[in-house]
Amino acid sequence: MPELPEVETIKNDLAPEVKGCRFVAVAFLCPQMVRRPSPDELHQRLIGQTVQEVTRRGKYLIFRLHSGEALLLHLRMSGSLLLKLSPAEPNSYTRAIFNLGNGLELHFCDRRKLGTIELVRDEAEVTAKLGPEPLDPGLTTEVLSQRLSRRRAPIKAVLCDQAFLAGIGNMYADEALFAARIHPLKPARALSEEEIERLHQAIAEVLEAAIGNRGATISNYSDAHGQPGVHQFFFSVAHRGGEPCPVCGTAIQRIPIRNRGTYFCPNCQNK
DNA sequence: CCCGGAACCTGAAGGC
DNA sequence: TGCCTTCAGGTTCCGG
């Protein structure tokens with residue numbers, strides 16, 4: 001599942017290839033994934049536009065266009081974005097094809113059709129609702145502490161809330177909580193200052209390590225060239241139910257939180 | 001504002 | 001072998 005490190009990897013792969021390109025043809029094979037405007041209007045407004053910059057906010061991949069508009073793609077659970085030499089055959093999961101005019105095509109593939117495509121005049125229309133970037137140096141432990149103090153939901157659920165912090169999902173929330181030795185069910189506002197400091201540090205370390213490993217491939221994530229990430233081999237607890245904790249050897253437990261599989265060490269992570 | 005559950009979606013995996 | 005159920009989890013919507 002693409003989270004911040006995976007989207008960051010795709011963005012870094014795409015940026016040098018796509019910057020300056022022009023959208024010369026677009027095909028929507030699954031129109032329901034086009035959020036706004038309508039597929040027809042999006043098509044009409046996108047064709048002819050050039051890409052000024054490719055960037056990321058939370059889990060959104062953003063193509064800033066010279067007109068000032070922005071094309072935002074979200075991969076959700078099963079999406080991938082593949083850079084291919086034109087003309088490239090779509091496969092059965094190809095949902096949209098963006099022809100970039102320089103011999104390249106961008107294929108948005110998504111088995112489950114949960115991904116989204118939207119074109120907006122101002123990207124803030126989409127990103128304004130997001131919380132801070134977890135790796136923003138401007139995000140201080142004090143800010144984190146202040147924001148946590150209002151939340152009584154399990155810390156795991158709060159970390160996955162994009163309005164709280166943008167970009168963390170199920171896998172990296174589990175990894176960060178393990179690194180910070182915090183029980184995933186602990187109410188957010190019950191965290192001590194020491195725990196919040198550890199968590200802040202753990203989030204940064206976990207995300208940076210994952211970016212360095214080009215993301216994690218658990219089911220079907222791949223980068224823009226179709227290659228898997230390797231960070232899953234460095235997971236301590238995520239998707240490792242029943243395996244020994246790398247610190248103490250206790251069997252890693254899996255419990256549902258908000259209907260999401262949550263992995264943790266019952267010995268290292270105290271409530 | 002905060003919280004938690006359902007819905008969206010489809011292929012893989014497991015039970016019988 | 002095959003049908004059925006369950007699971008996977010990012011986001012949005014809705015009711016409390």
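Remember, it's a predicted structure, so these values are computed and weren't measured experimentally.
- Taking atom P in both B/dC9 and C/dC14, one finds a spacing of 15 Å when rounded to whole Å.
- Ranking C/dT11, B/dG4, C/dG9 by closeness to the A/A153 side chain, first place goes to B/dG4.
- Rounded to whole Å, the distance from CE on A/M1 to C1' on B/dA12 is 12 Å.
- A donor-acceptor pair shorter than 3.5 Å can be found between the side chains of A/S67 and A/Q49.
- Comparing the same atom, C1', in C/dT11 and in B/dA12 gives a spacing of 22 Å after rounding to whole Å.
- Under 4.0 angstrom from either OP1 or OP2 of C/dG9 there lies at least one side-chain N or O belonging to A/H239.
- OP1 or OP2 of C/dG10 has not a single side-chain nitrogen or oxygen of A/H74 nearer than 4.0 Å.
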(message) Quick one, A/V158 with A/L148, criterion side-chain contact (heavy atoms from CB on, under 4.5 Å). Give me CA distance, side-chain angles, the key distance, then yes/no.
(response) CA-CA 8 Å; A/V158 173; A/L148 284 168; 4.2 Å; yes
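- Side chain of A/E3, nearest nucleotide from C/dG9, C/dG10, C/dT12: C/dG10.
- The hydrophobic cluster containing A/V206 also contains A/L199, counting ILVMFWY residues as joined when their side-chain heavy atoms lie under 4.5 angstrom apart, directly or transitively.
- Nucleic acid contact class of A/F164 (heavy atoms, under 4.0 Å, all strands): none.
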(message) I'd like to know whether A/L159 forms a side-chain contact (heavy atoms from CB on, under 4.5 Å) with A/I203, so could you lay out the CA-CA distance, the side-chain angles of the two residues, the decisive distance to 0.1 Å, and finally the verdict.
(response) CA-CA 10 Å; A/L159 285 181; A/I203 288 169; 4.0 Å; yes
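- Minimum atom distance to the side chain of A/N170 is reached by C/dG9, of the listed C/dT11, B/dC9, C/dG9.
- Between A/F108 and A/T116, the closest heavy-atom pair is CE1-O, 3.7 Å.
- Side-chain contact of A/E3 with A/Y221: a donor-acceptor pair under 3.5 Å is absent, judged by distance alone.
- The side chain of A/P154 approaches B/dG4 more closely than any other nucleotide in the set C/dG9, C/dT11, B/dG4.
- OP1 or OP2 of C/dT11 has at least one side-chain nitrogen or oxygen of A/Q162 nearer than 4.0 Å.
- Each of A/R76 and A/Y93 was assigned the nucleotide of DNA chain B with the nearest heavy atom; the assignment lying further toward the 5' end belongs to A/R76.
- Going from atom CG of A/L75 over to atom C1' of B/dC8 covers 17 Å, rounded to whole Å.
- Taking only side-chain nitrogens and oxygens, A/Q32 never comes nearer than 4.0 Å to OP1 or OP2 of B/dC8.
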(message) Using side-chain contact (heavy atoms from CB on, under 4.5 Å), reason through A/N12 and A/R214 one step at a time and then give a plain yes or no.
(response) CA-CA 10 Å; A/N12 289 338; A/R214 301 185 59 77; over 6 Å; no
(request) State the dot-bracket string of DNA chain C. Criteria: Watson-Crick or G-U wobble, both atom distances under 3.5 angstrom; notation: ( ) intrastrand, [ ] crossing earlier pairs, | interstrand, . unpaired. (result) .|||||||.|||||||
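- A donor-acceptor distance shorter than 3.5 angstrom exists from the side chain of A/R95 to the backbone of A/R111, with no hydrogens or angles considered.
- Here, B/dG5 and C/dC7 have their P atoms 15 Å apart, quoted to the whole Å.
- Hydrophobic clustering (side-chain heavy atoms under 4.5 Å, transitive across Ile, Leu, Val, Met, Phe, Trp, Tyr) groups A/L104 together with A/L46.
- Counting only N and O atoms by type, the side chains of A/S86 and A/E105 include a donor and acceptor under 3.5 Å apart.
- Shown for residues 255-263 of chain A: residues whose heavy atoms fall under 4.0 angstrom of DNA chain C, namely A/R260, A/G261.
- Sorted by residue number, the members of residues 110-131 of chain A with any non-hydrogen atom under 4.0 Å from DNA chain C read A/R112, A/L114, A/K129.
- Donor-acceptor pairing under 3.5 Å is recorded for the side chains of A/T94 and A/N91.
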